[in-house]
S.K.: 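Starting off with a structure, shown below.
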Amino acid sequence: MGKKQVFLIAAVLVLAAGCGSGSEGTDPTKAPTGTSAPTNTAAPTATSTPVPTATNTPTPTMTPTPVIPEKVAVVSVKEVQDNVVEVTLNTMSMEVDVTSIFVSKNLVDWRSRSKKTVTFDSKTGVISQNADGYTVITYSAPNTSKFSNLQDAIRIADNYISWQMDHGGWDKKVEQQAANPWNGKDKKNKFSGWASKKGEPLGTIDNDATYTQMRHIAAVYREVPDEKYRESVLKGLDFIFLLQYESGGFAQVYPRRSNYSDNVTFNDNAMVSVLYMLMDMKNHAYPFDSDIIPEDYMVRIEESIDKAVDYILKSQIVSQGVLTAWCAQHDPVTYAPAKAREYELPSISGKESVGIVQFLLCLEQTPEIENAINCAIDWFYAAEHKGIQYIENDPNEVYFVENPKSTLWFRFYDIETGEPFFCDRDGIKRWSIAEISAERRNGYSWSDTYPKKLLEFYEKNGLVFTTIEAKMTEN
């Protein structure tokens with residue numbers, strides 16, 4: 001075999017930041033890989049030679065001469081769904097060797113802050129033609145995610161379905177629901193006790209609820225395509241749509257609870273985690289890489305994502321004339337930062353803002369999204385406190401001590417001044433942790449290194465995104 005020579009790097013596709021493979025968590029909780037397509041290079045138009053016609057002689061039908069160039073080359077490459085790539089060539093020939101094209105995905109996962117290369121098996125290539133008659137080869141990188149114990153996974157999925165409420169959502173305490181099926185007697189909100197003023201049990205996305213069950217059930221459906229699993233996931237989707245306000249934000253619960261839970265909830269990455277799931281559905285990423293989501297739901301999913309992104313951009317807080325970050329909760333109508341519990345006042349959040357930025361980095365980048373990301377990163381640097389270490393539940397009751405190697409951020413920053421603050425159950429803002437009760441000093445996490453790993457990855461790599469490459473090779 002002759003020396004392999006790469007004679008064309010045909011196209012590079014900058015994707016929506018690839019937050020699918022390589023994410024943290026168990027099999028059913030993969031983060032999403034976003035997709036976007038480049039503008040295809042215009043292909044030459046097939047032509048035919050005009051034929052003179054005699055009077056009353058019908059014009060013969062001419063078949064366009066197929067375009068067969070001297071050298072086959074890649075015109076464009078795009079990822080049509082997670083780990084499925086279409087490569088368009090400059091030829092109309094169906095005799096192309098599918099193994100002569102090398103396709104790879106340079107995956108950047110901002111959620112797990114990692115980079116890796118996924119290589120597509122050239123033997124998976126399937127030849128077809130596009131509407132203009134040009135050759136298209138589809139390659140796939142098979143998903144190898146499997147349950148180590150399928151029967152146990154089925155048992156858990158069946159338990160989850162038994163706990164699903166009529167409106168499609170689930171209560172908190174995912175682990176307890178996985179362990180045992182509903183007994184047919186207890187209220188399905190027995191773990192949280194949350195109910196509307198009318199006594200209706202509330203479904204929630206708090207503490208990983210609902211989207212965790214949906215991911216697991218969808219993963220089981222891939223292995224055991226029983227219709228009950230599909231119906232449960234779609235019922236869960238209906239609940240997710242009920243959670244979403246017309247403005248695009250997601251409440252923490254449904255039906256409405258008539259308290260802070262009705263606010264749009266970024267707290268503990270609730271809304272962001274739902275959006276990762278919707279992105280996985282849109283991109284047919286694991287565990288939704290089956291026929292589980294029908295087309296009519298896909299339309300609603302895309303609309304839901306678009307509205308949510310619009311809400312995120314509109315709710316980014318302006319402080320002292322500068323775009324900064326986000327609060328843990330926001331008003332669903334005015335977009336303003338909102339209060340949650342008595343000690344969780346409107347603020348700029350050093351914690352929840354990290355998850356929002358990581359999600360935005362997983363999207364196809366627009367000027368508005370890029371600006372939101374850059375402004376938030378600038379705010380992270382401005383809000384950084386160097387040389388201080390936070391000791392949670394400090395037995396010496398000091399909590400913040402000098403440490404030249406430490407860097408931290410605070411949970412809450414004052415919107416007007418940008419200064420960190422603390423709060424007790426009386427709802428009064430205080431500027432020193434010593435001024436709040438011991439119960440609140442030790443019963444809440446007030447500081448951490450929230451964006452540190454994100455910023456380190458950013459400093460090392462810049463704002464990099466997933467790319468797809470297709471190379472023609474000759475043997």
Side-chain angles (χ1 to χ4, degrees), residues 1-24 27 30-41 43 71-91 96-128 130 134-146 279-280 282-289 358 361-365 457-458 460-475:
M1 183 171 63
K3 183 178 180 181
K4 180 177 288 187
Q5 177 185 9
V6 177
F7 63 84
L8 175 66
I9 300 180
V12 176
L13 169 63
V14 178
L15 297 175
C19 289
S21 306
S23 63
E24 300 163 318
D27 283 349
K30 301 280 185 180
T33 300
T35 61
S36 65
T39 302
N40 288 348
T41 303
K71 204 171 235 184
V72 176
V74 174
V75 173
S76 67
V77 54
K78 66 179 180 179
E79 188 170 39
V80 293
Q81 68 181 60
D82 188 48
N83 287 341
V84 178
V85 170
E86 284 184 353
V87 178
T88 302
L89 306 179
N90 65 339
T91 180
V96 177
D97 179 6
V98 297
T99 64
S100 67
I101 301 174
F102 176 80
V103 183
S104 62
K105 177 162 104 174
N106 302 308
L107 179 67
V108 179
D109 187 345
W110 280 95
R111 192 180 189 190
S112 62
R113 301 165 300 277
S114 63
K115 295 170 65 177
K116 70 175 183 179
T117 299
V118 176
T119 301
F120 291 76
D121 185 354
S122 61
K123 295 178 182 178
T124 66
V126 176
I127 298 180
S128 62
N130 63 19
Y134 285 90
T135 303
V136 176
I137 307 178
T138 303
Y139 297 93
S140 61
N143 192 300
T144 57
S145 300
K146 297 286 184 181
M279 289 291 292
D280 280 350
K282 174 185 175 181
N283 297 324
H284 299 276
Y286 180 87
F288 304 104
D289 52 340
Q358 288 179 163
L361 284 161
C362 293
L363 301 175
E364 180 178 354
Q365 297 298 290
F457 188 77
Y458 166 74
K460 180 179 179 180
N461 301 284
L463 287 179
V464 291
F465 301 97
T466 295
T467 58
I468 295 285
E469 289 186 339
K471 303 176 183 179
M472 294 291 304
T473 61
E474 269 187 343
N475 292 326

S.K.: Are the side chain of Ser104 and the backbone N or O of Val118 linked by a donor-acceptor pair below 3.5 Å?
M.R.: no
S.K.: Which residues pass the side-chain hydrogen bond (donor to acceptor under 3.5 Å, both in side chains) test with Asn461, sequence neighbours left out?
M.R.: Lys115
S.K.: In the structure I gave you, are the side-chain heavy atoms of Asn90 and Val72 within less than 4.5 Å of one another anywhere?
M.R.: yes
S.K.: Does Leu463 reach the side chain of Tyr458, with side-chain heavy atoms less than 4.5 Å apart?
M.R.: yes
S.K.: Does any non-hydrogen side-chain atom of Met472 lie less than 4.5 Å from one of Val74?
M.R.: yes
S.K.: Taking all non-hydrogen atoms of both residues into account, name the closest pair between Val96 and Ile127 and its distance.
M.R.: O-CD1, 3.3 Å
S.K.: Show the nearest heavy-atom pair for residues Phe465 and Gln365, with the distance to one decimal.
M.R.: CZ-CG, 3.5 Å
S.K.: Measuring from Thr466:OG1 to Lys105:NZ, what's the distance to the nearest 0.5 Å?
M.R.: 6.5 Å
S.K.: ring-ring contact (aromatic ring centres under 6.0 Å, His included) with Phe102: which residues, sequence neighbours excluded?
M.R.: none
S.K.: Do the side chains of Asp289 and Asp82 get nearer than 4.5 Å, heavy atoms only?
M.R.: no
S.K.: Restricting to non-hydrogen atoms, name the atom on Val84 and the atom on Thr138 that form the minimum distance, rounded to 0.1 Å.
M.R.: CG1-CG2, 3.7 Å
S.K.: Can you tell if the side chain of Tyr139 reaches within under 4.5 Å of the side chain of Val98, non-hydrogen atoms only?
M.R.: yes
S.K.: Taking all atoms of both residues into account, what is the closest heavy-atom pair of Ser122 and Ile101, and its distance?
M.R.: CB-O, 3.8 Å
S.K.: First locate atom OG of Ser100, then atom CG of Leu89, and finally report the distance between them rounded to the nearest 0.5 Å.
M.R.: 8.0 Å
S.K.: For Asp109 and Ser112, test the side chains for any donor-to-acceptor distance below 3.5 angstrom and give the result as yes or no.
M.R.: yes
S.K.: Do Gln81 side-chain atoms and Glu79 backbone N/O form a donor-acceptor pair below 3.5 Å?
M.R.: no
S.K.: Name all residues meeting the side-chain contact (heavy atoms from CB on, under 4.5 Å) criterion together with Ser128; count only those two or more places apart in sequence or in a different chain, and write none if there are none.
M.R.: Val136
